[in-house]
Engineer: 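Can you read through this structure? Questions will come right after.
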Amino acid sequence: MRDLYKGRGFDKFSYVIVTDLENENAFDEAVVGVRRGRAHCLAFHWNVDKSDDFIKPAVAGTVSVMKAASMEPKVQWIVITSSYARGRRNKQSIDAVNTEDVDAWRMHWYRASKTLAERAAWDHVEKEKPTYDLATTCPPYVLGPIIHEAASSMSLNTFYPSEQLGLTALTFTLQVLIDHVRTQPHLVEAFAKLVDGTPGAPVPPQNWFDCSRSLKTLGMTPTPDKSTAIDMTKRLLAWQKQWTSQGL
């Protein structure tokens with residue numbers, strides 16, 4: 001990660017892995033000397049047994065990093081990676097967890113954790129009045145080239161059960177891109193042998209977002225969806241070739 005960011009001009013980039021997010025002092029040393037921080041206080045995986053396995057680390061980790069940041073006068077702002085899930089059906093998910101507990105749909109566990117964590121963050125700001133600014137990003141799907149090491153296809157994303165991964169992950173990913181990013185003509189042109197489905201078929205109902213306000217406020221120019229789809233697929237193909245050569 002350091003080499004990756006250094007190559008993009010971020011020579012002072014560093015990161016800290018905190019193993020126990022429920023420790024209220026977990027981030028005390030991590031924020032020393034930091035001016036800007038980005039917090040990821042919840043891994044998205046299904047290696048859990050109950051809703052609190054999602055909710056407690058998310059909420060406690062969020063509050064912990066904000067308290068720690070309050071003790072470092074150099075911190076100017078904190079950016080929390082929240083989720084689209086925290087805005088969609090958030091009350092429904094919290095209610096489901098409260099009434100059904102372990103019997104609730106597991107996606108409700110995740111959505112409730114994201115909602116409650118972000119709520120705790122803003123409650124902290126309102127109550128404690130820290131000197132830094134708080135912002136949250138709420139992405140739905142995150143698409144693009146994989147930058148982390150992937151020892152096997154199982155390292156790609158634990159959101160999907162194992163039977164949907166392996167070599168079929170490429171087809172599945174392409175179909176997601178076809179449906180969600182609407183770049184099928186570009187994919188057909190670039191990866192004709194891999195694309196499944198019927199070009200020109202109706203796109204299933206989707207949730208679409210108008211991001212023009214945030215792009216204008218932040219002065220950002222988004223990566224074109226064509227580039228996102230093709231670059232991501234090229235990277236997946238490179239990993240597939242490596243895994244195949246290793247017999248994985």
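Numbering of residues begins at 1 and proceeds along the displayed sequence. Basis for what follows: all heavy atoms, side chains included, without hydrogens, waters or symmetry-related copies.
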Engineer: Please list all pairs passing the salt bridge (charged side-chain N to carboxylate O under 4.0 Å, His left out) test where one or both residues lie in residues 118-131, with sequence neighbours left out.
Structural biologist: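 Passing the test, one end in residues 118-131: R86-E118.
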Engineer: As an exercise, state the distance from OG of S51 to CZ of R106, rounded to the nearest 0.5 Å.
Structural biologist: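 One finds 10.5 Å between OG of S51 and CZ of R106.
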Engineer: Quick one: side chain to side chain contact (heavy atoms under 4.5 Å, CB included) partners of A120, sequence neighbours excluded?
Structural biologist: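 Checked A120 against side chain to side chain contact (heavy atoms under 4.5 Å, CB included); matches are V59, V63.
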Engineer: How close do E24 and S64 get, heavy atom to heavy atom, and via which atoms?
Structural biologist: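 Looking at all heavy atoms of both residues, the closest pair is O-OG, 3.1 Å.
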Engineer: Nearest heavy-atom pair of A117 and A58: which atoms, and what distance?
Structural biologist: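 Heavy atoms only, the tightest pair is CB-O, 3.7 Å.
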Engineer: Under a 4.5 Å side-chain heavy-atom rule over Ile, Leu, Val, Met, Phe, Trp and Tyr, are Y132 and M71 clustered together?
Structural biologist: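 No.
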Engineer: Return yes if some donor-acceptor pair links the side-chain N/O of K114 with the main-chain N/O of T81 below 3.5 Å, else return no.
Structural biologist: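 It does hold such a pair.
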Engineer: State plainly whether one hydrophobic cluster holds both V32 and I78, where clusters connect Ile, Leu, Val, Met, Phe, Trp and Tyr through side-chain heavy atoms under 4.5 angstrom apart.
Structural biologist: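 Different clusters.
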Engineer: Do T137 and V79 have side-chain heavy atoms sitting under 4.5 Å apart?
Structural biologist: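 Yes; the side chains approach each other to less than 4.5 Å.
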Engineer: Identify the heavy atoms of V31 and A68 that sit nearest to each other, and give their distance.
Structural biologist: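 Minimum heavy-atom separation between V31 and A68: CG2-O, 3.4 Å.
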Engineer: Output side-chain donor-acceptor pairs under 3.5 Å for residues 96-104, partner residues at least two apart or in another chain, one line each.
Structural biologist:
| from | atom 1 | to | atom 2 | distance (Å) |
| --- | --- | --- | --- | --- |
| N98 | ND2 | I94 | O | 3.3 |
| T99 | OG1 | D95 | O | 2.8 |
| T99 | OG1 | A96 | O | 3.4 |

Engineer: To the nearest 0.5 Å, tell me how far Q240 CD sits from T233 OG1.
Structural biologist: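 Answer for the CD-OG1 pair, Q240 versus T233, is 11.5 Å.
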Engineer: So which heavy atom on R111 is nearest to which on W105, and how close?
Structural biologist: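 Heavy atoms of R111 and W105 come nearest at NH1-CZ3, 3.8 Å.
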Engineer: Looking only at non-hydrogen atoms, find the nearest pair between G33 and E72 and report the distance.
Structural biologist: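 Scanning both residues completely, I find the closest heavy atoms to be N-OE1, 2.9 Å.
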Engineer: Starting at CG of D49, measure out to CZ of F54 and round the result to the nearest 0.5 Å.
Structural biologist: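 D49 atom CG to F54 atom CZ measures 11.0 Å (nearest 0.5 Å).
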Engineer: If the threshold is 4.0 Å, N to carboxylate O, is there a salt bridge linking K234 and D231?
Structural biologist: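 No, no charged N to carboxylate O under 4.0 Å.
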Engineer: Side chains of V18 and F27: does their closest heavy-atom pair fall under 4.5 Å?
Structural biologist: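 Yes, close enough: below the 4.5 Å cut-off.
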Engineer: To the nearest 0.5 Å, tell me how far L134 CG sits from W122 CH2.
Structural biologist: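 One gets 4.0 Å once the value is rounded to the nearest 0.5 Å.
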Engineer: Supply the atom-to-atom distance L21 CG to K56 NZ, rounded to the nearest 0.5 angstrom.
Structural biologist: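 If we round to the nearest 0.5 Å, L21:CG and K56:NZ are 13.5 Å apart.
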Engineer: Are any of the side-chain heavy atoms of V125 and M66 separated by less than 4.5 Å?
Structural biologist: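 Touching, per the 4.5 Å side-chain cut-off.
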Engineer: Where does the angle between the aromatic ring planes of W243 and W239 fall among parallel (under 30°), tilted (30 to 60°) and perpendicular (over 60°)?
Structural biologist: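 It falls in the parallel class, under 30°.
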Engineer: To the nearest 0.5 Å, tell me how far Y110 OH sits from T115 OG1.
Structural biologist: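 The OG1 atom of T115 is 9.5 Å from OH of Y110, to the nearest 0.5 Å.
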